Amino acid sequence: MKLMNKGWMLWVVLVGLLVAAQGVRAESNDRIGVGVNYWRTLDNIDISNFDENGISWLATYQHKLADLIKVEADLEMYSSGFLGIDKTVYAPEAYLVVGSTIYGAIGAGIFYADSDFADDPFYALRAGLDLEIIPQFYLDLNVNYRFVGTTNLNDEHRNIDTDTMTLGTALRMEF
């Protein structure tokens, strides 16, 4: 019976330490959210079924490494017509974010459609504002320049090489 009491007390102490550690933690290190981007190609592409501008949707996750450094993983979704592709295009992306309310980021991603990845990744530069609108909710307003090389994601094997500008917004919840 004494062993059982010690086990019970050990659990109570462990749970108490975990609760106390949460109270000591100054702020959260993780944010998750959704967003929308307006994108526009910088070159005129004279191909049928090729959208030169449009909207993409975004699922986003950030992890704070230090006061001014975060890593971000996004999944962006483009509707058909993006890059002249008749299917939905996905773009997994990763960024290194430096700053706080005003920030800059550098990142890379790759387009994926119809079971194929693009031939080359794209690279991105970002500048933005990260504003706390209510406790634990942040509004991210940003502008991106994407260096898009050869994509070659469709059956016609067209090599489309055009950089893009993106205006984006994301709403993230801190947890």
Side-chain angles (χ1 to χ4, degrees), residues 15-45 51-79 81-83 85 88-113 117-118 120-149 151 153 160-175:
V15 169
L17 287 173
L18 288 173
V19 169
Q22 289 298 316
V24 170
R25 191 169 145 181
E27 59 185 69
S28 174
N29 290 328
D30 297 304
R31 295 180 187 173
I32 192 165
V34 294
V36 62
N37 291 332
Y38 170 76
W39 57 268
R40 180 164 186 78
T41 60
L42 297 181
D43 296 326
N44 274 338
I45 306 294
D51 293 341
E52 292 183 359
N53 60 43
I55 299 287
S56 62
W57 301 96
L58 179 76
T60 178
Y61 169 78
Q62 283 185 339
H63 178 73
K64 186 176 180 180
L65 297 174
D67 282 339
L68 297 176
I69 300 175
K70 295 180 218 143
V71 290
E72 180 176 328
D74 297 340
L75 180 62
E76 198 165 357
M77 183 179 74
Y78 300 85
S79 59
F82 178 72
L83 297 174
I85 300 166
T88 301
V89 177
Y90 299 93
E93 307 163 11
Y95 292 90
L96 177 64
V97 181
V98 178
S100 183
T101 302
I102 299 173
Y103 72 89
I106 185 167
I110 193 160
F111 297 118
Y112 176 84
F117 283 98
D120 297 319
F122 63 83
Y123 302 97
L125 295 175
R126 178 186 295 169
L129 292 171
D130 191 23
L131 307 168
E132 185 174 17
I133 53 175
I134 58 175
Q136 294 183 309
F137 284 89
Y138 292 81
L139 180 65
D140 182 347
L141 304 169
N142 57 70
V143 62
N144 299 271
Y145 187 95
R146 292 194 180 160
F147 304 89
V148 181
T151 55
L153 268 173
I160 299 168
D161 184 359
T162 181
D163 294 346
T164 6
M165 287 293 293
T166 303
L167 297 174
T169 185
L171 180 63
R172 293 188 187 94
M173 180 183 75
E174 193 170 70
F175 63 97

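In this text the structure is predicted, and so the values were computed from the model without any measurement.
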Could you tabulate the donor-acceptor pairs under 3.5 Å formed by side-chain atoms of residues 99-111, not counting sequence neighbours?
unit_1	atom_1	unit_2	atom_2	d
Y103	OH	D140	OD1	2.6
Y103	OH	D140	OD2	2.9

Quiz item: Where do N37 and G168 come nearest, in terms of heavy atoms and distance?
Solution: OD1-CA, 3.0 Å

Quiz item: Y78 vs W39 aromatic rings, parallel, tilted or perpendicular, using cut-offs 30° and 60°?
Solution: perpendicular

Quiz prompt | Separation of L75 CG from E93 CD (nearest 0.5 Å) | solution = 8.0 Å

Quiz item: Among pairs that include at least one residue of residues 127-139, which meet side chain to side chain donor-acceptor pair (under 3.5 Å), considering only residues two or more places apart or in two chains?
Solution: R31-D130, K70-D130

Exercise. Applying side chain to side chain contact (heavy atoms under 4.5 Å, CB included), name anything that partners L167, two or more places apart in sequence or on another chain.
Key: V143

Quiz item: By side chain to side chain contact (heavy atoms under 4.5 Å, CB included), which residues pair with F147, not counting sequence neighbours?
Solution: Y123, L125, Y145, D163

Quiz item: How close do T164 and R40 get, heavy atom to heavy atom, and via which atoms?
Solution: CG2-O, 3.2 Å

Quiz prompt | Stepwise side chain to side chain contact (heavy atoms under 4.5 Å, CB included) test for T41 and V148 | solution = CA-CA 10 Å; T41 60; V148 181; over 6 Å; no

Quiz item: Taking atom CZ of R172 and atom CD1 of I133, what is their separation to the nearest 0.5 Å?
Solution: 12.0 Å

Self-check item: Atom pair CD (E72) and NE2 (H63), whose distance is rounded to the nearest 0.5 Å
Solution: 13.0 Å

Self-check item: Those residues that, when tested against Y90, pass side chain to side chain donor-acceptor pair (under 3.5 Å) (two or more places apart)
Solution: none

Exercise. Applying side chain to side chain contact (heavy atoms under 4.5 Å, CB included), name anything that partners V34, two or more places apart in sequence or on another chain.
Key: none

Practice problem: Measure the OG1-CG distance between T169 and L139 for me, rounded to the nearest 0.5 Å. | Solution: 4.5 Å

